[in-house]
Amino acid sequence: MLEYLTDFFGNYGSLFVQGTIDTLLMVTASTLIAYLFGIPIAMLTKVTEPGSLWPQPALNAILGWIINMGRSIPFIILMVLVIPLTRFLTGTTIGVVGAIVPLGIAAIPFVARMVESSFSELNPGVIEAGRAFGASTFQIITKLYVRESLPSLVRGAAITYITLIGYSAMAGAIGAGGLGDIAIRFGYYRYKTDVLIATVIILIILVQIVQSISDLIARKIDKR
Amino acid sequence: MIELRGLGKTFRSKSGAHGALKDINLVIDDGDIFGIIGLSGAGKSTLVRCINLLEKPTVGQVFIDGVDVTDFSGRALLDLRARIGMIFQDFSLFSQRTVLQNVLFPLEVRHDSRADAVRRAQELLDLVGLKDMQDRYPAQLSGGQQQRVSIARALANHPDYLLCDEATSALDSVTTISILGLIKQINRELGVTVIVITHAMTVVEAICNKVAVMDDSRIVETGTVASVFSAPQAAITHELLKAVGADA
């Protein structure tokens, strides 16, 4: 058994290390991109809600519709749909770099909904208090919506990150790098069941670590 | 002085238009502790929110110190609101901020210098008796202490007016007495004009000098507390007074 393990890691160890690094790179970069675009969309959606700070029913409906549409396209199809854009932005459609664009785009509506729902958890009385003290709409967004829902935003970020780890494995199917790519090339095409199982174990460990870290941070910063 | 002239507010919802305020005429003099009493749904909360324009009246005008502020917007509206403090039934404290940071909030949004703001906030925490608690979070305080923080926060900008929306409804009777005492003290010592929204005659009796009785979106009776208590006119006033008798 020991001999088998030594042998196995001797053959595939560096592959798994590289695969893990690639997965983390893809997922981290695309999470950042998704938040960069998702947060402003969430803010705009929140403030344009009926009865909110800047009610714009038409704009609000359009935003909601775009978010829902984005979320209803299956990731595996979205990846193919955005190939021209991916090529235009990165010059490639494969590997780690090629996967960041579709992963990021897929996560934008997801993040927008997640952040908006964190904002919606806030007691409306808190927002009213902010208005009563003469805070501007911008100040209410930054000092109240974002600051007061920070623990919830951290928990949402972990959910996003973990969802993207799952998506990134799917991206392996069309030639992205990372653990999904290894699982498909070795586990699926070459019937190396042990490699397949090893990638699954690594993914499980990654997810656990991300979840634990986020729980820890959220608990630490939540003063309720 | 606050003056409401012919104020009306209609909410539009899917089920149709719903009148929350009808033909409200009211004068609140400087130095008053003015009670607005009525049952739930009478329109008191909407009325008080028209004063700092959290709700925009559908018709009528709001005058503050002789200036028609009804159509204020942008910077002028934010400046106006900063001159009017407000406290709430559920306190509405910022749960992720410490006590001190809560009191600092109204100063922060005015971009006051940090040192001045902290000095002012500490002064106010001293006034409400929470000097030692500035680094705690709201969740670590009792209801009465939370309302004290919210009073300190409402006073941060040296407001001329303090709006109290059912400020003691979530508190037990002993705490209610101490909070009402604090409000009275603020009125007397800082010269802040206070508008008290309540459904309890005991609150009016304890601190107000004048009172307006609301029923079904209208003011049905108004006068000094002494005159309204001794010679109530409207049926609803009789009912509300009867409730006090049952209380005692």
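Naming: A, B, ... by sequence-line order, numbering from 1 per chain. Everything numeric here is computed off the predicted structure, so don't read it as measured data.
Among all heavy-atom pairs drawn from L54(B) and E128(A), the shortest one is CD1-CG, 3.6 Å. Nearest heavy atoms, M86(B) versus F133(A): O-CZ, 3.7 Å. Closest approach of N52(B) and A132(A) over heavy atoms only: ND2-CB, 4.0 Å.
Using non-hydrogen atoms only and a strict 4.5 Å limit, the part of residues 140-154 of chain B facing chain A consists of R153(B), A154(B). Identified by a heavy-atom distance below 4.5 Å to chain A, the contributing residues of residues 87-116 of chain B are F88(B), D90(B), S92(B), L93(B), F94(B), S95(B), Q96(B), R97(B), F105(B), P106(B), E108(B), V109(B), R110(B), H111(B), in residue-number order.
Applying the side chain to side chain donor-acceptor pair (under 3.5 Å) criterion to S136(A), with sequence neighbours excluded, gives Q139(A). For D215(A), the side chain to side chain donor-acceptor pair (under 3.5 Å) test picks out Q211(A), with sequence neighbours left out.
Other residues, nucleotides and ligands place no more than 12 heavy atoms under 6.0 Å from the CD1 atom of I94(A). Enclosure of atom CZ in F63(B) by more than 12 non-hydrogen atoms of other residues, nucleotides or ligands within 6.0 angstrom is indicated. Atom NZ of K131(B) sits in a sparse spot, with 12 or fewer heavy atoms from other residues, nucleotides or ligands closer than 6.0 Å. Under a cut-off of 6.0 angstrom, the local environment of CZ in F11(B) is crowded, with over 12 non-hydrogen atoms contributed by other residues, nucleotides or ligands.
With a threshold of 4.5 angstrom between heavy atoms, P124(A) does not approach chain B through any atom at all. Heavy atoms closer than 4.5 Å to chain B are found in the backbone of I221(A), but not in its side chain. At a 4.5 Å heavy-atom cutoff, the contact between I84(B) and chain A is made by backbone atoms alone.
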